Amino acid sequence: MSLTLDTYRLLGRSGLRVSPLALGAATFGTEWGWGAEQDEARKLFDLYVERGGNFIDTANTYTDGSSERLLGEFTRDNRESLVLATKYTTLRRPGDPNSGGSHRKSLFASVEASLRQLNTDYIDLLYLHVWDFTTPVEEILRGMDDLVRQGKILYVAICNAPAWQVSRMQAIADLRGWSPLVALQIEYNLIERTGERDLIPMAREMGLGVIPYSPLAGGVLTGKYSRDDLTATDGASDDGTRKSFNLALGTVTERNLALADVVKEVATELGRTPAQVGLAWTLRNPDVTASIIGARTPAQLEDNLGALEVDFTTAQLARLDAAGAIGLGYPHDLLASDHIRKVTAGNLKIETRR
């Protein structure tokens, strides 16, 4: 069924309404070598909002702070109607160990800096950006809850963290009456599906809406890379482009290019673009609340928004799922085996949840 940006969805176990595609603002600013200048970024923002979009994703250090500063300018006239999500954890000042990390000092200082850069009194959704394997979870949760009680943030969420830590945090928040996590941001696309093992099922059980980033695998699923790029990875991170970044990460592989070929085939059958097919596939997962789109030009954004209108046949979905399928591993494969089903349920017909 076709969607629109104003087909709003509830975020996790909250009552917050958000668009099914979030506008990623990591491309706002050119400090990283491949973003959009201010005027172009403004066009992206206006186009998204005019279509009914209300969910915008950034972080305190995206494009060295330009992303938040530009959003602070763009949202002067409609701040209240938007859901602004930002993040903390990454180092804000090189050489200062306390300007990054998940601890209370970093949290409070980062939020104050984001409030200034975003030109706002409150942040709708604050993510812990990167798990630091150091800070006690109670310190993180209590700090977040204090900021919620102060009205500086409204909802709290988490990215890039182990599933067992997230579930532990949610249980502690519930037991102590602290603000619960309402969203989980993870890398999730047809190429990167390891979140299906534990992170996505955990989010479903614990009441977190899943927000995929890099739904097009850094552009690999759009068909922009070829087999020629397989031999162009040496020293590929030297010129500062997004392509070089992806090559250096190792996302351009024979397996991934073969998967991109399947996406291209399905796109041709549907009369759509590969980008639309890749994005639409993430939205067909009922655990996904909104995928983050990171366009650099209005034309790219227009193309991405077309994903909301994509309808797959059952056969096409099956081909895409099979092309990117991963083994879930232990204990999932064991528990799904016929032997285990037989010894736990016998011949009884029991309907199971996803």
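None of the values given here were measured: they were computed from a predicted structure.
Among residues two or more places apart in sequence or in another chain, the salt bridge (charged side-chain N to carboxylate O under 4.0 Å, His left out) test is passed with D261 by R227. Legend: residues meeting salt bridge (charged side-chain N to carboxylate O under 4.0 Å, His left out) with E309, ordered by chain and number and at least two apart, are R272. With sequence neighbours excluded, no residue forms a side-chain hydrogen bond (donor to acceptor under 3.5 Å, both in side chains) with T222. Under the ring-ring contact (aromatic ring centres under 6.0 Å, His included) criterion, F45 pairs with F74, not counting sequence neighbours. Residues forming a side-chain hydrogen bond (donor to acceptor under 3.5 Å, both in side chains) with S226 (at least two apart in sequence, or on another chain): none. Residues passing the ring-ring contact (aromatic ring centres under 6.0 Å, His included) test with F55: none are found, sequence neighbours excluded. For S14, the side-chain hydrogen bond (donor to acceptor under 3.5 Å, both in side chains) test picks out no residue, with sequence neighbours left out. Qualifying salt bridge (charged side-chain N to carboxylate O under 4.0 Å, His left out) partners for R79, counting only residues two or more places apart in sequence or in other chains: D124.
A donor-acceptor pair is defined here as one N or O able to donate and one able to accept, closer than 3.5 Å; no such pair exists between the side chain of K87 and the backbone of N60.
Side-chain atoms of E73 and N119 include no donor-acceptor pair closer than 3.5 Å.
The salt bridge (Lys or Arg N to Asp or Glu O under 4.0 Å) analysis of residues 26-40, with sequence neighbours excluded, yields the pairs E40-K43. Residue pairs satisfying the salt bridge (Lys or Arg N to Asp or Glu O under 4.0 Å) criterion with at least one member in residues 125-134, sequence neighbours excluded, are absent. Applying the salt bridge (Lys or Arg N to Asp or Glu O under 4.0 Å) test to pairs two or more places apart or on separate chains, those with a residue in residues 2-22 are R13-D174.
Side chains of Y48 and S19 form a contact here, defined as non-hydrogen atoms less than 4.5 Å apart.
In terms of heavy atoms, K152 sits closest to V111 at CB-CG1, 4.4 Å.
The aromatic rings of Y62 and H129 stand perpendicular to each other, their planes meeting at an angle above 60°, with 30° marking the opposite boundary.
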Could you go through residues 327-334 and list every donor-acceptor pair under 3.5 Å that involves a side-chain atom there, pairing it with any protein atom two or more places apart or in another chain?
{"residue": "H332", "atom": "NE2", "partner": "R197", "partner atom": "O", "Å": "3.2"}
{"residue": "H332", "atom": "NE2", "partner": "D198", "partner atom": "OD1", "Å": "3.2"}
{"residue": "D333", "atom": "OD2", "partner": "G329", "partner atom": "N", "Å": "3.1"}

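Residue D77 qualifies as open at atom CG: its count of foreign heavy atoms under 6.0 Å is 12 or below.
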